[in-house]
Structures are given as C-alpha cells and as structure tokens.
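Structure first, then comments.
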2 protein chains.
Amino acid sequence: MQGLTINEAAGTTGWSARMLRYIEQSGLVSPERTAGGYRIYGAAELQRLRTLKELLESFDVALSDVAFTARLAADPRLQSAIEQWLSATAERPEDVDPGDWLRFEQRKHERLLLDAA
Amino acid sequence: MQGLTINEAAGTTGWSARMLRYIEQSGLVSPERTAGGYRIYGAAELQRLRTLKELLESFDVALSDVAFTARLAADPRLQSAIEQWLSATAERPEDVDPGDWLRFEQRKHERLLLDAA
DNA sequence: CCAACCTTGACACGACCGTGGTAAGGTCGG
DNA sequence: CCGACCTTACCACGGTCGTGTCAAGGTTGG
C-alpha cells in the first residue's frame, strides 16, 4: 500500500487525523487515494505536513491565512488589486503606525503577546 | 474642521460609522483626530474607504484578508516562508485541483457560488 | 450655554474557524 | 471471512469576524 494511512500519518506528523482531513479540505495537502477511497500519505505529503505545522506555529499564522495566500498566488488579478490598494497608503507613510495592524492580527491568538511578556 | 466627521464620512462612503471605527482598528484606514479626539476624514481617506469597499465586494475578500496581506507585505520573512511552502506544491503541479482551495475560500460567504448559479 | 454630534466600552448575534467526538457503513489484509 | 482500520456526515464547542445597538460621558460650534 505504498505510504501511510491517515492515522499513521497523524502519528508521524503531529496532526490529528481530523485535522488531516480538514487540511485536505482547505486544499493545502491532498494525499492520493486507494481504489477504495483510503487516503495514502507519501513522503512528500508527510514532509509538507510537518513543515506546515512549523510554519503555522513559528509565525502564528492561521491555516486560512495560508489558504488565502495560495489564492493570492493563483489569482494575480486579486493580488495586484490588493497590493495596489495597500501601496496607496505609502502616500503618507509617516502616518502608518506599524503596531496597528500588528496588534489587530495578533489578537487572533494572543500567544505572541503572552510570549513577548 | 477641514474634513468630514465619522457620520458624514459614513454617508459618502457607504460604510457604517461602526465599520469605520472597526476598519481603523484593523489599521487599514486611520483618519486624523481633532484635539478633542473626533475622527476627521480627509479626501484621501474617503477615497481609500470607497476603493476598499469596491475591492472587498468585487473579489469577495474579507477585511481580515486585506489586513493579513498588509502583514505579509510588511514582514518579508513571513512572506517568503509561506511562498516557499506553497511553491513546494509545484513539485507535483498536475495533482493540484484549482477548484479545491477555491471552494474552501468561497465557503466563507457563499455569495460567489450563488452568483454562479 | 446647549443641542447635536462624537468618543469608548460593552453586550449581542449569526456565521465561520479549528478541533474533537460519534454513528453508520465501506475497505484492507491475512 | 473478520477484526482493525478507514470513509463521510453530522453535532458540539469555544473563539473570532463583521456588524448593530445602547449607555455614559466628552466635544463642537453658534
């Protein structure tokens, strides 16, 4: 069966089986399937799952944020529209408080604030 | 008083006063203040608020998505970390179902799905 | 001075995120 | 064939997003 089943993959990646299905739904890591429908995680998927976990933890980023970045990367029209809107702030750069959106973003999980304390 | 108060700005931008305060919290549009603390929206802010509304509506993007993109733009370490993780998918590009994350993203507000129907 | 407007803070509410669980049923390998 | 594992589909729950509303108090401008 060339690869790990979902519970085995959960064991070696640190995710729960539930989360592996959820992550697949988000489109970020999609394993192959057997003829009967079982998910089969290969080495590439396992590596991806591990680095994904690291990414989310070390930057305090949400799964949905990564999914949105994927959407951005795949839709250049959207990407340039947002970047253009953001760059218009540069009109008055001295007014931008860099701690502002930062605090806003961090409120999502206040882990960073607690860590900093 | 050189500029519009919050309710006047709400009137000309289509946002509610409540949302203007919320948007300011997110760091996306921050008006000047009078000595007494009143928000004063100038022409630049009004324009920004209008284009922001257009951006969100025409691409079905959330306020938090734009805020996150701002964080990305301001933190190149984070940006390259995510982009690198995403680009690892390109290893097996034929396996990526482009409708996957799309449906995931769209479930946020099913407006696009309904529009498409 | 005063009416009209603004401020912050709080409560509320539906929708969605991330996560766990459980139930009913199908697949795997020996 | 059968026990162990997997599938999807649901319910639940605390937390966040986007939004409205209300209360208590300060500002503005004539």
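Here is how names work: the chains are called A, B, and so on, in the same order as the sequence lines, proteins then strands, and each is numbered from 1.
Between B:Thr5 and the phosphate of C:dC6, there is a side-chain N or O to OP1/OP2 separation shorter than 4.0 Å. An OP1 or OP2 oxygen of D:dT28 is reached within less than 4.0 angstrom by a side-chain nitrogen or oxygen of B:Thr34. Remark: B:Arg39 is not in phosphate contact with C:dC5, judged by side-chain N or O atoms under 4.0 Å from OP1 or OP2. Contact annotation: A:Arg21 does not reach the phosphate of C:dG20 (side-chain N/O to OP1 or OP2, under 4.0 Å). The phosphate of C:dG20 has OP1 or OP2 within less than 4.0 Å of a side-chain N or O from A:Ser16.
Taken over five-pair windows at either terminus, the axes of the helix from C:dC1-D:dG30 to C:dG30-D:dC1 are inclined to one another by 40° (rounded to 10 degrees).
Looking only at distances, a side-chain donor or acceptor of A:Glu45 sits under 3.5 Å from a matching main-chain atom of A:Gly42.
In this structure, the CD atom of A:Glu8 is 14 Å from the P atom of C:dC28, given to the nearest Å. When the C1' atom of D:dG18 is taken as reference, atom NZ of B:Lys53 falls 12 Å away, rounded to whole Å. Between the CG atom of B:Asn7 and the P atom of D:dT28 there is a distance of 16 Å, rounded to whole Å. Rounded to whole Å, atom C1' of C:dC17 lies 14 Å from atom CG of A:Leu28. Atom-to-atom, CG of A:Leu4 to C1' of D:dC5 comes out at 14 Å; the value is rounded to the nearest Å. As a whole-Å value, the separation of B:Glu24 CD from C:dG9 P is 12 Å. The nearest whole Å value for the distance from the OH atom in A:Tyr41 to the C1' atom in D:dC5 is 14 Å. Rounded to an integer number of Å, the gap from CD1 of A:Ile40 to P of C:dG29 is 8 Å.
In summary, A:Arg33 and A:Glu24 engage in a salt bridge, as defined by a charged side-chain N under 4.0 Å from a carboxylate O.
A:Val61 places none of its side-chain heavy atoms less than 4.5 Å from the side chain of A:Leu55. Using a 4.5 Å cut-off on side-chain heavy atoms (C-beta onward), A:Asp65 and A:Leu56 make no contact. Contact check for B:Lys53 versus B:Thr13: no side-chain heavy atoms found under the 4.5 Å cut-off.
When distances are taken from the side chain of A:Met19 to each of C:dC6, C:dG20, C:dC17, the shortest belongs to C:dG20.
Partners of B:Gln47 under the side-chain contact (heavy atoms from CB on, under 4.5 Å) rule, at least two apart in sequence or in another chain, are B:Arg50, B:Thr51.
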Between B:Leu20 and B:Leu49, does a side-chain contact (heavy atoms from CB on, under 4.5 Å) hold up when you go through it step by step? CA-CA 8 Å; B:Leu20 293 188; B:Leu49 287 170; 3.6 Å; yes
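Position along DNA chain C of the nearest nucleotide to A:Ala17 versus B:Arg33 favours B:Arg33 as the more 5'-ward residue.
Taking every heavy atom of both residues into account, B:Ile82 and B:Phe68 meet most closely at CD1-CZ, 3.9 Å. Across every non-hydrogen atom of A:Ala10 and A:Ala17, the tightest pair is CB-N, 3.7 Å. Minimum interatomic distance between A:Ala9 and A:Leu46 (heavy atoms only, all atoms of both residues): CB-CD2, 3.8 Å.
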Indicate for each nucleotide in nucleotides 21-26 of chain C, in 5' to 3' sequence, whether protein heavy atoms under 4.0 Å reach the base (B), only the sugar-phosphate (S), or nothing (-). B----B
